Amino acid sequence: MNKYFIWFSAFVLLLAGCHIEKPSLPSWEVELNVPLINEQYLLSDLVDSEFITIGEDNVLYLENSGELSTPAFGELSFHLPLNTPAIPLVTGLPNSGSMPAQDPETGFRLAYARISAGEIQARFTDVSGQVQALRVVFDGLYNPDGTPFAMSYVPGGEWQSSSLVGAHFGVLNSPELLDEIGFSVEIQSNLPDGVMAGNLEMKIPGALSLDFFQGHLDDYVLDSAGAVESIDVTYPHGVDEAIDLQTASLVINVTNHIGFPSEFSGEIFARNDNTGQTRQIPIKDDNNNNFMIPAATGGLPATYEMVITTGIIELLEIMPHHIEIRNSSFRFGLTDPDAIGEVQSTDNIEAAYNVSAPFTFRLNDNEIRLQDPLEIEISQENIERIQKYGISGGLRMQVLNKLPLGAEASIYVALSDSIDTADPSTYSLKRDVTVDSYQVNSGFQVIDELLISPSELDIFTNPKIYVLMSFRFNTHGEFVTITA
C-alpha cells in the first residue's frame, strides 16, 4: 500500500467580513471558507520521475541507465608462417612439408577458419623440360566445396598468386585443434626416380583475414565502441543538495554473442556540473577482481549479471549530473590450452548498465521544492465574495506527514508560475509552517494561524493563482528509508 509523503488535505482561505442587508443593522459573519487545495503529494512529486522508480519493496530508488556495446568482432587477423626457401623437387620422393597452424605473433591456434581476404603465392624454378605437370596439394586447407586446395605449375619462373577468399582451414566443428597445415607436390614427368625436377618456393604475404573462426584465442582484446551512451541526470527542486545517499549499486547485464569467455575491465566516471567534482572508480567484483563473462554456446548468447557495490556510494556522494562507463574492454582467452571457442565477424557483446540507489539517505539542511507550482483557478463567484465581503483573512491547512522526519514547510503564492523561492519579487505571498514527524503526530495536523493582510487578500481576487511548496527537513544526522 502506498504511503503518502505529505498530504495537504485542506487548504482554505478564511475571510472575516461584513454582510449588510438594508435597512437592517450590519450582521457580522465570523468566517467564510473559500476552498483552494485538496491535494495529495507523493515523495515522487518532489523529484524527477524519469530517474525515480518504486522497487518491489515499495522503496523509492534513484535509478539511471545506459548502454555500451563492442563494435562487431570483425575479421580476425591471422598470420601463417609460410615463407619457404627453394625446396628441391625430386622424382620418386614424397616432396612434402608442413607449416604450423598457429599464429607465431599472437599464439592463436586453428581448428576451423574461413578466409575472407588473403592469398598464397608459389614460384617454380629450374623445372626440367621433361616435366609435364607440377601441382602443390594442401592437407588442412580446402576450397569452399571441401576439396583440397591446390596450386599448379605455370611456366615462366615468376611468382604466381592464388586467392584464398572462401577457402577454409580444418573441418567445421572439429573437436581438435590443428597442429599443422601440410602440403605435398605431385610430379608428372618422364624422368627416372631420384632426379631433380625443379625447385618450389611458397609464401603467404601478409596476414589472412578470417570471418569465421573456431580455435584457441589467447589474450585478444576488444574495446567498447567509442560512443558509449552516457547518463545525464537532472536533480530538480534541490534534491541533489539536500540528501546524502547511504547505499547504491551498479548492475551491468551483459549479453555475449561471442563463443569465447572474456574478462571485463572498465571504469565508471561521474561528474557534478554544479561543483565540478568528479569521481572515477574501477569496476571490480567484491574480491577486487575483474568480472569473467561466460562464452556463448550452441548458437545462443550467454547472459551475465555483474553487480558492483564497492565504491558506488562514494561515486554517488557527489550527486553527479553526468555518469558514464569509460575505458571498458573485453579480453578474450581460454585457460585450457586445448579448449576451442568460436566467433564470427558479426558477433559482439552488448551490455546495459543501471545505477540504482534506494532512498535510504541522510537529509541535509537544504530546501526541496515541488517540481511545478500548483495552478489554482478561483471562480468568479468566489472573487466577488472576496471583493464584497473580505476585510481580512487567513489560510488553514491540514497536513498528513508520513515521513519519519519533521519539516519546515513554506507556501509561496504568486500570479505567475515562474516562482523562484530565492527571489521575493517572483511571488506575492509567503507563509512558513512547522510540520511534525510521523512519530510525533501520525494524524492530520491542523495549521490555521496563517493570517493574511487586506493587501495580500487582493491576490485571491485574480482568476488564477499559483502555489508552490518547499520543505526543509529537520535533520538528525541519521539515515532514513523512504517508501512510496
Side-chain angles (χ1 to χ4, degrees), residues 74-172 177-215 217 345:
E75 297 175 334
L76 185 67
S77 181
F78 195 90
H79 298 80
L80 275 180
L82 180 64
N83 190 4
T84 69
I87 302 172
L89 305 177
V90 180
T91 58
L93 296 180
N95 294 304
S96 61
S98 65
M99 53 183 169
Q102 180 173 350
D103 189 325
E105 297 183 12
T106 63
F108 301 163
R109 299 173 63 193
L110 296 170
Y112 172 88
R114 185 174 61 212
I115 303 169
S116 56
E119 64 178 11
I120 186 171
Q121 296 179 344
R123 180 167 67 175
F124 296 88
T125 58
D126 300 327
V127 177
S128 169
Q130 298 187 52
V131 172
Q132 286 84 42
L134 294 172
R135 195 167 81 114
V136 184
V137 182
F138 290 87
D139 179 19
L141 177 59
Y142 304 95
N143 293 307
D145 62 3
T147 58
F149 187 87
M151 299 181 69
S152 297
Y153 163 60
V154 176
E158 301 296 330
W159 285 99
Q160 58 190 75
S161 299
S162 295
S163 173
L164 291 173
V165 174
H168 63 267
F169 296 106
V171 178
L172 182 64
L177 294 166
L178 291 172
D179 291 325
E180 59 186 17
I181 306 297
F183 63 88
S184 61
V185 181
E186 299 174 349
I187 303 174
Q188 295 182 15
S189 73
N190 297 323
L191 296 171
D193 291 345
V195 177
M196 283 285 296
N199 294 301
L200 169 65
E201 299 170 76
M202 290 190 299
K203 63 182 178 181
I204 296 180
L208 303 175
S209 295
L210 309 177
D211 62 3
F212 185 21
F213 175 85
Q214 292 177 331
L217 292 181
S345 60

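Note that the coordinates shown come from a computational prediction; the quantities given were computed from them, not determined experimentally.
How far CG of Leu208 is from CG of Leu76: 10.5 Å, rounded to the nearest 0.5 Å. With rounding to the nearest 0.5 angstrom, the CD atom of Gln214 is 11.0 Å from the CG atom of Leu178. Here the CG atom belonging to Leu172 is positioned 12.5 Å from the OH atom belonging to Tyr142, to the nearest 0.5 angstrom. In this structure, the separation between CD1 on Ile187 and CG on Asn95 is 4.5 Å, given to the nearest 0.5 Å.
Closest approach of Asn83 to Lys203, counting heavy atoms only: OD1-CB, 3.7 Å. Considering every non-hydrogen atom in both Gly92 and Asp193, the closest pair reads CA-OD1, 3.5 Å.
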Validation: residues 105-115 side-chain donor-acceptor distances under 3.5 Å, sequence neighbours left out:
residue	atom	partner	partner atom	Å
Thr106	OG1	Asp103	OD2	3.4
Thr106	OG1	Phe108	N	3.2
Arg109	NH1	Pro337	O	3.3
Arg114	NE	Asp211	OD1	2.9

Can you give each donor-acceptor pair under 3.5 Å made by side-chain atoms of residues 116-131, sequence neighbours left out, with the distance rounded to 0.1 Å?
residue	atom	partner	partner atom	Å
Ser116	OG	Glu75	OE2	2.9
Ser116	OG	Ser209	O	3.1
Glu119	OE2	Gln121	NE2	3.1
Gln121	NE2	Ser161	OG	3.1
Arg123	NE	Glu201	OE2	3.2
Arg123	NH2	Glu201	OE1	3.4
Arg123	NH2	Glu201	OE2	3.1
Asp126	OD2	Asn199	ND2	3.2
Ser128	OG	Gln130	N	3.2

I'd like a table of donor-acceptor pairs (distance under 3.5 Å, sequence neighbours excluded) in which one partner is a side-chain atom from residues 179-186, with atom names and distances.
residue	atom	partner	partner atom	Å
Glu180	OE1	Ser98	OG	3.1
Glu186	OE1	Arg135	NE	3.3

Atom pairs and distances, side-chain donor-acceptor, residues 145-156, under 3.5 Å, sequence neighbours left out:
residue	atom	partner	partner atom	Å
Asp145	OD1	Thr147	N	3.0
Asp145	OD1	Thr147	OG1	2.7
Thr147	OG1	Asn143	ND2	3.0

Stepwise side chain to side chain contact (heavy atoms under 4.5 Å, CB included) test for Gln132 and Asn190: CA-CA 8 Å; Gln132 286 84 42; Asn190 297 323; 3.1 Å; yes
Would Thr84 and Leu200 count as a side chain to side chain contact (heavy atoms under 4.5 Å, CB included) here? Give the steps. CA-CA 8 Å; Thr84 69; Leu200 169 65; 5.8 Å; no
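Val195 pairs by the side-chain contact (heavy atoms from CB on, under 4.5 Å) definition with Thr91, Leu191, Pro192, not counting sequence neighbours.
Side-chain contact between Phe212 and His168: absent, with no pair of heavy atoms (C-beta onward) separated by less than 4.5 Å.
Open room surrounds CD on Glu158; 12 or fewer heavy atoms of other groups in view lie less than 6.0 Å from it.
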